[in-house]
Each structure stands twice: as C-alpha cells, then as structure tokens.
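Read the numbers this way: they start at 1 and go in the same order the structure lists the ligands and their atoms. Counting from 1, the numbers follow the sequence of the chain as shown.
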Amino acid sequence: MKEITVGLIGGGFMGKAHSLAYSGVPMFFWPSEFLPVKRTIAEATPELAADAATRFGFTGSTSDWRSIVDDPEIDVVDIATPNNLHPEMAIAALAAGKHVICEKPLAHTLDDAARMYAASRESGSVNMVAFNYRRTPAVALAKKYIEEGAIGEILNLRGTYLQDWSADPDSPLSWRFKKSVAGSGAVGDILSHVIDLAHYLVGSISDVTALTKTYIAERPAQSGGSDSLGASRNAGAAKEAVDVDDEVLTMVKFANGAVGSLEATRNAWGRNNFITLEIHGTEGSIYFNYENRDELQVCFRSDGDDRRGFRTVYTGPNHPNGSALWPIPALGIGYGETKIIEAHDFFTAIAEGGSVRPDFGDGYQVALVEDAILRSAETGAWTPVPQLDRASGTLQGE
Ligand code: NAI
Ligand code: SOE
C-alpha cells in the first residue's frame with residue numbers, strides 16, 4: 001500500500017478538521033490502495049506547532065512552512081491558514097512538485113487566484129480547493145436528481161448562507177474582518193461556498209447584480225491568533241475599523257438561462273450554519289438546509305394534484321458519498337464526514353494519477369464571480385462574469 005505523506009500548514013479550525021479527516025479516511029474507506037500519513041504540521045510559533053502536532057497526530061512540527069514545501073519526504077501540502085497566506089504557500093508547493101489542497105476562498109485577491117490557477121496548470125500535481133459542502137451526501141443526491149432530469153429544466157436557484165457568530169459588536173476583529181487578510185467579508189468567507197454549490201448544481205454564473213452592507217463598522221482589536229468565531233468577547237479592547245462586508249445580497253443569471261438569488265450574512269441572530277438551496281425545475285423542486293444536512297426535500301410535478309408536496313429523503317448508505325459512512329440512514333452525517341470524503345477523493349486522484357474537482361480552476365471561477373459581485377456592489381450595475389476556458393486557461397468575456 002502506498003503511503004501518502006502530508007504536511008499541513010495551519011492548526012486552527014481547519015487544521016483540526018483536516019487532521020481528523022486524514023485519520024478518518026482509512027476508517028471509512030477500506031480496503032484502500034493508499035494510506036494518509038500525517039508527517040509535519042506548521043504553525044505560527046514553535047510552541048503552537050508542537051502543541052498542534054501532539055494534538056492532531058503529526059510526527060513533526062515547525063514554525064517555518066517552507067521546510068514542509070522543501071521536504072522531499074512530503075507528498076501533499078495542505079494549506080489551512082488565513083486567506084492572504086494561501087497564494088505564496090500554494091505557488092511554492094506546486095513549484096516544488098507537491099500535490100496541494102488549499103482551503104477556500106482560493107485567495108484574498110482575484111490576481112492572486114489567477115496566479116494560483118496558472119501555477120496549478122504549470123505543475124503536474126493534483127490540486128483541490130476545499131469547498132467541502134459539495135461532498136454532503138444530500139447535496140450530491142440533489143446533483144443526481146438534477147442530472148437524471150428528475151426536476152426537468154432548471155428554472156432557478158435560491159441560495160443562502162446565514163450565520164450569527166459575528167452579530168455581536170463585541171466579538172473581536174479577527175483576521176476575517178481585515179480586507180488585507182481575508183479579501184472580503186461574507187462574500188469570500190461564506191457566499192463563496194454558495195457560489196461553488198450553484199456552479200456544481202446548476203452551472204456557470206454569467207451575470208450578477210449585488211449589494212453589500214457593513215453593519216458593524218468597528219470591533220475590539222485582536223492581534224494574531226486563531227479566529228474564535230464569536231466564542232470570545234473582547235469588549236474592553238481598543239477598536240479598529242472593519243473594512244469588509246457583513247452581508248451580501250445578489251441576483252444572478254446562469255449561462256444556461258436559469259436565474260437565481262444568492263445571499264450571505266454573518267449577522268443573522270439564530271442562524272448558525274444556515275446554508276439553504278432551493279431549486280425549482282419544470283418537473284419538480286429540491287430543497288436542502290445544511291442545519292438538517294441528512295435530509296433532502298423533493299417534490300415532483302408527476303406526483304399528482306391531490307398528493308403533491310415536499311417529502312423527505314434521509315441520506316445514508318444508499319446515496320452518493322454515503323456508502324462508506326454509516327450503515328443506516330439518518331444516523332447523522334456531520335461536517336467531519338464531508339472533510340473525510342473530500343480528503344478521500346483528493347488522495348484517490350493522487351493514487352490513481354487523476355484529477356479531482358473542485359480544483360484551482362473552479363476556485364478561480366468562484367473568485368471571478370466574487371469579484372463581479374464586489375464590483376456590482378460598487379456600481380449598482382448588472383455585471384458580466386468573465387468565464388474561464390479550462391482548455392486554454394484563458395478568460396472569455398473580459
Ligand atoms: P483559524 O484562525 O482557526 O486558524 C488559522 C491558523 O493559521 C491559526 O492557528 C494561525 O496561528 C495559523 N497561522 C497563521 N499564520 C501562519 C503561518 N505563517 N504558518 C503556519 N500557521 C499559521 O482559521 P480557520 O477557520 O482554520 O481558517 C483557515 C482557512 O480555512 C481560511 O482560508 C478559511 O476561509 C478556511 N475555512 C474553510 C472552512 C470550510 O468549511 N471549508 C471552514 C473554516 C475555515
Ligand atoms: C466562518 O464564517 C466559517 O468558519 C467559514 O470560514 C467557513 O468557510 C464555513 O464553512 C463555516 O463558517
């Protein structure tokens with residue numbers, strides 16, 4: 001069996017999720033032609049790195065991420081740091097011949113996303129951007145229904161991502177509220193997931209119109225460290241200006257003629273990880289809510305006038321992405337499982353010499369939509385989205 005060795009950069013929330021996934025892959029997907037091996041983890045200081053190595057099960061630790069990129073014993077570089085660090089790390093890792101999985105959004109600027117995509121094309125390595133919600137079995141089942149034509153021609157998609165972790169003005173100004181680090185607010189942080197899901201389920205977004213809003217203009221400063229995502233309050237600290245959006249509302253057109261609305265906010269009290277997708281087609285409808293992520297609601301025109309209505313399919317071993325998980329539907333498929341499936345698909349591509357989606361090209365196309373949204377929010381105008389031609393690597397419609 002081939003061992004695939006991992007160097008992970010960043011030991012925060014995603015460092016934990018990815019480490020868990022590397023342990024989980026052989027537990028769920030077995031027998032296997034490969035075995036992930038957790039070699040080295042990098043953190044901001046030697047102490048944090050050593051602590052993360054112990055906790056997450058890595059043999060080695062470092063405060064210099066370049067030593068991971070330079071280590072000939074490492075096959076995979078996993079980037080789980082704040083957004084502005086992704087480009088330099090990913091480009092260096094690809095140049096060193098590593099396979100790269102990078103957290104979303106691909107980068108904090110469009111130019112950096114373009115550079116990362118170009119580097120991925122130049123390398124022969126497997127690359128993946130970690131839009132893991134695609135891997136939720138109920139979302140994959142929605143795609144199956146759509147591809148089988150069960151809801152006919154797609155008319156529209158309504159997508160939301162609502163959270164409340166930053167609704168309190170005393171929650172600290174972490175890296176997620178700094179444009180120089182995050183790139184944008186709700187747009188890149190959470191709408192990016194909905195854009196990826198819309199691309200996955202419906203197709204390319206061709207035009208957008210949008211507005212953004214910043215409700216909380218300043219927050220108590222936090223210098224460095226992991227983002228506590230609202231779990232801490234910092235009321236006494238000096239305040240600093242927030243220069244990213246708290247909320248974004250968009251209308252979109254898809255290249256295939258469907259229309260939609262996508263919205264995201266981190267200021268919606270009572271909403272936690274409220275990712276919803278409602279898709280209407282000529283022959284039926286699909287509804288998904290991540291807060292009930294085992295369930296897919298479906299309704300079909302063919303059901304007949306006297307019994308038509310949404311019914312619930314509980315996902316499990318009979319559904320896409322579900323067969324390797326738990327033996328009975330509705331036992332509960334969690335966030336961790338989406339990361340295990342993501343890691344499994346990434347490693348399978350490496351072991352088989354193939355490729356995996358979403359890749360850096362998909363991440364770049366999401367960045368192109370984000371950029372059009374932010375420009376539309378400035379001008380108020382419908383804004384076309386340049387489309388990446390994956391064959392040539394060039395943009396159409398600029
Ligand atoms: P976090 O703030 O919890 O952790 C980031 C870690 O990176 C911190 O522990 C920090 O000390 C470390 N770090 C900073 N500079 C470093 C350096 N030079 N070398 C090594 N480590 C360094 O952030 P979180 O939530 O883990 O986010 C990381 C990335 O994952 C972001 O790009 C974010 O957008 C993405 N993310 C994706 C999620 C998903 O559902 N796919 C969920 C949460 C985050
Ligand atoms: C915070 O909004 C966050 O951790 C995002 O960064 C993730 O991408 C999302 O999946 C969960 O919420």
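Taking a 4.0 Å cut-off on heavy atoms, R176 registers as neighbouring ligand 1. Using a non-hydrogen distance threshold of 4.0 Å, P105 registers as a contact of ligand 1. Between R176 and ligand 2 there is a heavy-atom distance shorter than 4.0 Å. Contact annotation: F131 has no heavy atom less than 4.0 Å from any atom of ligand 1. Residue Y335 places every heavy atom at 4.0 Å or more from ligand 2.
Of the listed options Y133, W65, Y335, Y335 places a heavy atom closest to atom 39 (C) of ligand 1. Nearest to atom 7 (C) of ligand 2 by heavy atom, out of H193, E103, R266, is H193. One option in K339, H86, M14, R66 has a heavy atom closer to atom 42 (C) of ligand 1 than any other, and that option is M14. When the heavy atoms of G188, G10, P82, G225 are ranked by distance to atom 5 (C) of ligand 1, first place goes to P82. In the candidate list H108, E342, K104, K104 is nearest to atom 34 (O) of ligand 1, counting heavy atoms.
Of the protein's heavy atoms, E103 OE1, 3.0 Å lies nearest to atom 37 (C) of ligand 1. Distance from atom 5 (C) of ligand 2 to its nearest protein heavy atom, with residue and atom name: D189 OD1, 3.2 Å. Counting only heavy atoms of the protein, atom 12 (O) of ligand 2 lies nearest to Q163 NE2, 2.9 Å. The closest protein non-hydrogen atom to atom 15 (N) of ligand 1 is L85 CD1, 3.4 Å. Nearest protein heavy-atom contact of atom 13 (N) of ligand 1 is E43 OE1, 3.9 Å. Looking only at heavy atoms of the protein, atom 27 (O) of ligand 1 is closest to W175 CZ2, 3.6 Å. What sits closest to atom 10 (O) of ligand 2 on the protein, heavy atoms only, is Y133 OH, 2.6 Å. Atom 3 (O) of ligand 1 has its closest protein heavy atom at F13 N, 3.0 Å. For atom 29 (C) of ligand 1, the closest heavy atom belonging to the protein is T81 O, 3.3 Å.
A cation-pi arrangement is found for R266 relative to F177, the charged atom lying closer than 6.0 Å to the ring centre and inside a 45° cone about the ring normal.
Within ligand 2, the atoms closer than 4.0 Å to a non-hydrogen atom of I190 are 2 (O), numbered from 1 in the order shown. Interface atoms of ligand 1 facing A42, defined by a heavy-atom separation under 4.0 Å, are 20 (C), 21 (N). Numbered from 1 in the order shown, with element, the atoms of ligand 1 that lie under 4.0 Å from a heavy atom of A80 read 5 (C), 28 (C). Against a heavy-atom cut-off of under 4.0 Å, K104 is close to the following atoms of ligand 2: 5 (C), 6 (O), 7 (C), 8 (O). Every atom of ligand 1 is numbered from 1 in the order shown, and the set under 4.0 Å from a heavy atom of A44 is 11 (O), 20 (C), 21 (N), 22 (C). Annotation for ligand 2: atoms under 4.0 Å from non-hydrogen atoms of Y161 are 9 (C), 10 (O), 11 (C), 12 (O). Close approach of ligand 2 to W165 (heavy-atom distance below 4.0 Å) involves ligand atoms 1 (C), 2 (O). Residue A130 approaches ligand 1 through these ligand atoms, each under 4.0 Å from one of its heavy atoms: 41 (N). Within the listing of ligand 1, atoms 3 (O), 4 (O), 6 (C), 9 (O), 26 (O) sit less than 4.0 angstrom from a heavy atom of G12. Residue L229 has at least one heavy-atom neighbour below 4.0 Å for each of these atoms of ligand 2: 1 (C), 4 (O). Of all the atoms in ligand 1, the ones that sit under 4.0 Å from a non-hydrogen atom of N83 are 31 (C), 32 (O), 33 (C), 34 (O).
Judged by distance alone, the side chains of D168 and S171 never bring a donor and an acceptor atom under 3.5 Å apart. For the 3.5 Å distance criterion, the side chains of S392 and D389 qualify, holding a donor opposite an acceptor. For the 3.5 Å distance criterion, the side chains of N272 and Q163 fail to qualify, holding no donor opposite an acceptor. N289 and T276 share no side-chain donor-acceptor pair at under 3.5 Å. With 3.5 Å as the limit, one finds a donor-acceptor pair spanning the side chains of D78 and Y22. Using a 3.5 Å distance cut-off with no hydrogens or angles, the side chains of Q396 and T394 do pair a donor with an acceptor.
Heavy-atom minimum distance, T40 versus I68: O-CD1, 3.7 Å.
Residue contacts with ligand 1 for S174 are absent, since no atom lies close enough (heavy atoms, distance under 4.0 Å). Residue contacts with ligand 1, taken as heavy atom pairs separated by less than 4.0 Å, involve N132 solely via side-chain atoms from C-beta onward.
Proximity of R135 to K339: side-chain heavy atoms (C-beta onward) are nowhere separated by under 4.5 Å.
Judged by distance alone, with hydrogens and angles left aside, the side-chain atoms of K213 form no donor-acceptor pair with the main-chain N or O of D245 at under 3.5 Å. Distance alone, capped at 3.5 Å, places no donor-acceptor pair between the H193 side chain and the I190 backbone. Not a single donor-acceptor pair under 3.5 Å links the side chain of S376 to the backbone N or O of I373. Side-chain atoms of K104 never come within 3.5 Å of backbone atoms of S192 as a donor-acceptor pair (strictly under, hydrogens ignored). A donor-acceptor contact shorter than 3.5 Å is absent between the side chain of T338 and the backbone of Y133.
Here the two rings, on F300 and Y145, have centers that are under 6.0 Å apart.
The N/O atoms of M89, backbone and side chain alike, include none that comes under 3.5 Å of an N/O atom in ligand 1.
R115 has no carboxylate O lying under 4.0 Å from a charged side-chain N of E88, or vice versa, which leaves the two without a salt bridge.
Here the CG atom belonging to D294 is positioned 10.0 Å from the OG1 atom belonging to T136, to the nearest 0.5 angstrom. Here the CG-NE2 distance, from N84 to H86, works out to 8.0 Å after rounding to the nearest 0.5 Å.
Within a 6.0 Å sphere centred on NZ of K179, heavy atoms belonging to other residues, nucleotides or ligands number 12 at most.
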